Novice: 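Just dropping this structure here.
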Amino acid sequence: MEFKRNIIITGGAGFIGSHVVRLFVNKYPEYHIINLDKLTYAGNLANLKDIEDRENYTFVKADICDFERMCELMEEHHVDGIIHLAAESHVDRSIKDPFTFAQTNVMGTLSLLQAAKNYWENLPEKYEGKRFYHISTDEVYGTLELTNPEGLESPFTTKASSDHHHAYGRDFFTEDKKYQPHSPYSSSKASSDHFVRAFHDTYGMPTIVTNCSNNYGPYQFPEKLIPLFINNIRHRKPLPVYGKGENVRDWLYVEDHARAIDLIFHKGKTADTYNIGGFNEWKNIDIVKVLIKTVDRLLGRPEGADDDLITYVTDRLGHDARYAIDSRKLQRELGWEPSLQFEEGIEKTVKWYLDNQAWMDQVTSGDYMKYYDDMYQGR
């Protein structure tokens with residue numbers, strides 16, 4: 001079958017990647033979507049069971065650091081677009097093992113860039129109609145001051161504005177903010193961002209970079225706060241909160257992020273940067289309280305039944321105080337904004353995890369990895 005476009009989505013078996021793969025496979029039957037994933041602990045093909053047999057979908061198990069394999073895939077599938085999500089992303093893991101983060105996030109990105117350059121430069125049309133889209137994080141910008149501990153009215157207005165629409169400072173991450181990464185994770189992502197931009201400036205490659213705030217929603221690996229705490233509340237396990245829980249994050253529902261990626265891939269300006277955020281700041285401790293209240297209500301427990309699970313632990317090394325994304329450029333230029341109020345998104349998310357305990361059990365036990373290791377043995 002002849003496809004209109006052949007697009008590699010890296011990290012497509014992961015949390016955000018699986019939502020992007022599903023969106024593209026369903027929305028663009030004329031596109032061939034190649035899901036490229038190494039299937040590390042955070043990659044799970046069960047996330048994509050509903051589309052695994054589609055004609056326009058192919059899964060490839062490979063490591064982005066394998067440069068020769070990346071070159072082969074470019075030619076084999078006549079790739080004209082790359083949406084690069086594959087990354088090591090957990091800050092705590094980066095503190096313990098920075099080498100792995102540098103290898104995957106920096107050298108892996110460089111491997112993809114060079115493979116794309118080698119293939120596209122040798123085509124008659126060269127870079128025409130091509131795009132290398134690199135997904136990054138708001139953490140590359142460093143930290144913002146937490147100047148209003150009780151919050152103030154947010155300066156942003158969206159259809160998804162809700163009763164809780166506060167800002168905890170008057171400064172925000174804009175696309176021109178200086179990079180000041182503090183963790184090994186954010187440093188590795190900052191480096192990869194620079195390589196992507198360098199490939200445009202040096203070789204003329206049509207690149208684009210986006211920096212996104214914290215995502216939440218279905219299929220997130222339960223080392224991250226929201227799925228971990230939903231599961232812990234369900235099983236009445238402790239909820240370890242760093243410091244006093246005063247750190248502030250901007251939260252975005254994952255399907256809204258996938259919509260933004262779709263829009264930017266097709267209509268974003270080459271060599272530009274777009275920030276993607278939820279206009280939605282919450283203190284960590286307030287998120288935890290909302291999760292307890294929601295899980296207890298949905299499980300029929302008395303309100304406050306699990307408040308005693310909150311346990312304050314020693315703060316994370318180099319813990320950034322506040323992240324807050326200014327997405328108004330994306331809103332202004334391409335018309336994107338979040339579709340869900342946070343309360344609505346959290347309700348959907350908690351319900352999904354409670355209704356999909358089998359998925360959670362497989363992930364927390366590690367059984368999903370054994371299954372796919374057997375399936376792809378020797379490939």
Side-chain angles (χ1 to χ4, degrees), residues 10-11 14-17 38 40-43 63-65 67 82-114 132-146 171-202 205 207-215 220-221 223-225 242-243 247-252 257 271-277 284 314-326:
T10 71
F15 167 44
I16 299 171
K38 187 181 177 183
T40 61
Y41 75 93
D63 185 347
I64 58 172
C65 294
F67 175 62
I82 296 174
I83 300 175
H84 178 35
L85 289 126
E88 295 284 349
S89 66
H90 196 241
V91 176
D92 288 348
R93 288 178 183 263
S94 81
I95 292 169
K96 293 175 181 174
D97 180 17
F99 282 97
T100 296
F101 282 69
Q103 180 67 22
T104 299
N105 297 352
V106 183
M107 298 307 294
T109 300
L110 182 56
S111 170
L112 277 172
L113 285 164
Q114 188 68 20
F132 190 107
Y133 179 178
H134 177 65
I135 284 85
S136 188
T137 173
D138 56 0
E139 296 185 45
V140 298
Y141 296 120
T143 188
L144 296 168
E145 277 194 76
L146 184 58
D171 191 17
F172 300 88
F173 294 143
T174 56
E175 286 81 0
D176 58 359
K177 188 164 183 67
K178 180 182 175 184
Y179 274 24
Q180 291 182 303
H182 292 146
S183 71
Y185 162 60
S186 56
S187 298
S188 68
K189 290 298 290 184
S191 178
S192 64
D193 294 4
H194 289 317
F195 267 110
V196 173
R197 294 188 177 105
F199 266 65
H200 171 266
D201 295 347
T202 305
M205 183 182 286
T207 62
I208 200 159
V209 175
T210 55
N211 301 85
C212 190
S213 61
N214 282 30
N215 281 216
Q220 188 170 25
F221 191 81
E223 66 183 356
K224 299 298 177 79
L225 188 148
Y242 282 126
N247 302 73
V248 172
R249 299 294 181 260
D250 175 31
W251 291 90
L252 177 66
H257 188 191
D272 214 342
T273 299
Y274 296 90
N275 281 348
I276 309 171
N284 287 346
T314 303
D315 206 356
R316 167 190 281 164
L317 295 172
H319 202 176
D320 291 335
R322 173 176 170 253
Y323 303 146
I325 283 273
D326 183 343

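Numbering starts at 1 and runs along the sequence shown. None of the values given here were measured: they were computed from a predicted structure.
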Novice: Once rounded to the nearest 0.5 Å, what's the spacing between atom OG1 of Thr137 and atom CG of Asn211?
Specialist: 7.0 Å

Novice: What distance separates Ile208 CD1 from Phe132 CZ, expressed to the nearest 0.5 Å?
Specialist: 12.5 Å

Novice: Please examine the side chains of Asn284 and Arg249, heavy atoms only from C-beta on, and report whether any two atoms are closer than 4.5 Å.
Specialist: yes

Novice: Please give me the minimum heavy-atom distance between Ser213 and Asp138, naming the atom from each residue.
Specialist: CA-OD2, 3.3 Å

Novice: Taking C-beta and beyond as the side chain, do Ile135 and His84 meet within less than 4.5 Å on heavy atoms?
Specialist: no

Novice: Measure across Thr174 and Asn275 and return the closest heavy-atom pair with its distance rounded to 0.1 Å.
Specialist: C-ND2, 3.3 Å

Novice: When rounded to the nearest 0.5 angstrom, what distance separates OG1 in Thr202 from CZ in Phe195?
Specialist: 10.0 Å

Novice: Which heavy atom of Ala321 sits nearest a heavy atom of Thr143, and at what distance?
Specialist: N-OG1, 2.8 Å

Novice: Step by step, work out the side-chain hydrogen bond (donor to acceptor under 3.5 Å, both in side chains) result for Ser192 and His134.
Specialist: CA-CA 9 Å; Ser192 64; His134 177 65; 3.2 Å; yes

Novice: Minimum heavy-atom separation for Ser89 and Tyr185, please, with both atom names.
Specialist: CA-CE1, 3.5 Å

Novice: Write down the atom of Met205, the atom of His200, and the distance for their closest heavy-atom approach.
Specialist: O-CD2, 3.1 Å

Novice: Distance-only, no hydrogens or angles: does the Ser188 side chain make a donor-acceptor pair with backbone N or O of Val106 under 3.5 Å?
Specialist: no

Novice: Considering only heavy atoms from C-beta outward, does the side chain of Thr104 approach that of Phe99 to under 4.5 Å?
Specialist: no

Novice: Any cation-pi pair here, Arg322 with Phe173, using under 6.0 Å and within 45°?
Specialist: no

Novice: What's the spacing between His90 NE2 and Glu88 CD if we round to 0.5 Å?
Specialist: 11.0 Å

Novice: Please evaluate residues Tyr41 and Phe221 with respect to the criterion ring-ring contact (aromatic ring centres under 6.0 Å, His included), reporting the C-alpha separation (whole Å), side-chain torsions for both, the decisive distance (0.1 Å), and the verdict.
Specialist: CA-CA 9 Å; Tyr41 75 93; Phe221 191 81; 5.0 Å; yes

Novice: Let's go through Tyr179 and Asp193 carefully: what are the C-alpha distance in whole Å and the side-chain angles of both, what is the deciding distance for side-chain hydrogen bond (donor to acceptor under 3.5 Å, both in side chains) to 0.1 Å, and is it a yes or a no?
Specialist: CA-CA 10 Å; Tyr179 274 24; Asp193 294 4; 2.7 Å; yes

Novice: Judged by atom type as modelled, is there a donor-acceptor pair below 3.5 Å linking the side chain of Thr109 to the main-chain atoms of Asn105?
Specialist: yes

Novice: Would you say Val91 and Arg316 make side-chain contact, with heavy atoms under 4.5 Å?
Specialist: yes

Novice: Kindly indicate whether the side chain of Leu110, heavy atoms from C-beta on, has any atom under 4.5 Å from the side chain of Phe199.
Specialist: yes

Novice: Provide the closest heavy-atom pair for Val209 versus Ser136 in the form atom of the first, atom of the second, distance.
Specialist: CG1-CB, 4.3 Å

Novice: Run Lys177 and Asp326 through salt bridge (Lys or Arg N to Asp or Glu O under 4.0 Å) and show every step you take.
Specialist: CA-CA 11 Å; Lys177 188 164 183 67; Asp326 183 343; over 6 Å; no

Novice: Give the C-alpha distance, both sets of side-chain angles, the deciding distance and a yes or no for side-chain contact (heavy atoms from CB on, under 4.5 Å) between Val196 and Leu113.
Specialist: CA-CA 7 Å; Val196 173; Leu113 285 164; 4.1 Å; yes

Novice: side-chain hydrogen bond (donor to acceptor under 3.5 Å, both in side chains) with Ser183: which residues, sequence neighbours excluded?
Specialist: Ser186

Novice: Please report the interatomic distance CE(Met107) to SG(Cys65), rounded to the nearest 0.5 Å.
Specialist: 7.5 Å

Novice: Who are the side-chain hydrogen bond (donor to acceptor under 3.5 Å, both in side chains) partners of Tyr323, not counting sequence neighbours?
Specialist: Glu139, Asp320

Novice: Report yes if some heavy atom in the side chain of Thr210 is under 4.5 Å from a heavy atom in the side chain of Tyr133; otherwise report no.
Specialist: yes

Novice: Compare all side-chain heavy atoms of Lys224 with those of Asn215 and state whether any distance is below 4.5 angstrom.
Specialist: no

Novice: Roughly how far apart are Thr207 OG1 and Ile82 CD1, rounded to 0.5 Å?
Specialist: 11.5 Å

Novice: Taking the side chain as every heavy atom from C-beta outward, state whether Ile95 and Phe101 have any atom pair closer than 4.5 Å.
Specialist: no

Novice: Could you walk me through whether Ile325 and Ile276 pass the side-chain contact (heavy atoms from CB on, under 4.5 Å) check?
Specialist: CA-CA 7 Å; Ile325 283 273; Ile276 309 171; 5.9 Å; no

Novice: Quick one, His257 with Ile16, criterion side-chain contact (heavy atoms from CB on, under 4.5 Å). Give me CA distance, side-chain angles, the key distance, then yes/no.
Specialist: CA-CA 8 Å; His257 188 191; Ile16 299 171; 3.8 Å; yes

Novice: Where do His319 and Tyr242 land on the ring-ring contact (aromatic ring centres under 6.0 Å, His included) test, with the steps shown first?
Specialist: CA-CA 9 Å; His319 202 176; Tyr242 282 126; 5.5 Å; yes

Novice: Start with the C-alpha gap between Arg93 and Thr100, add the side-chain angles, then the distance that decides, and say whether side-chain hydrogen bond (donor to acceptor under 3.5 Å, both in side chains) holds.
Specialist: CA-CA 9 Å; Arg93 288 178 183 263; Thr100 296; over 6 Å; no

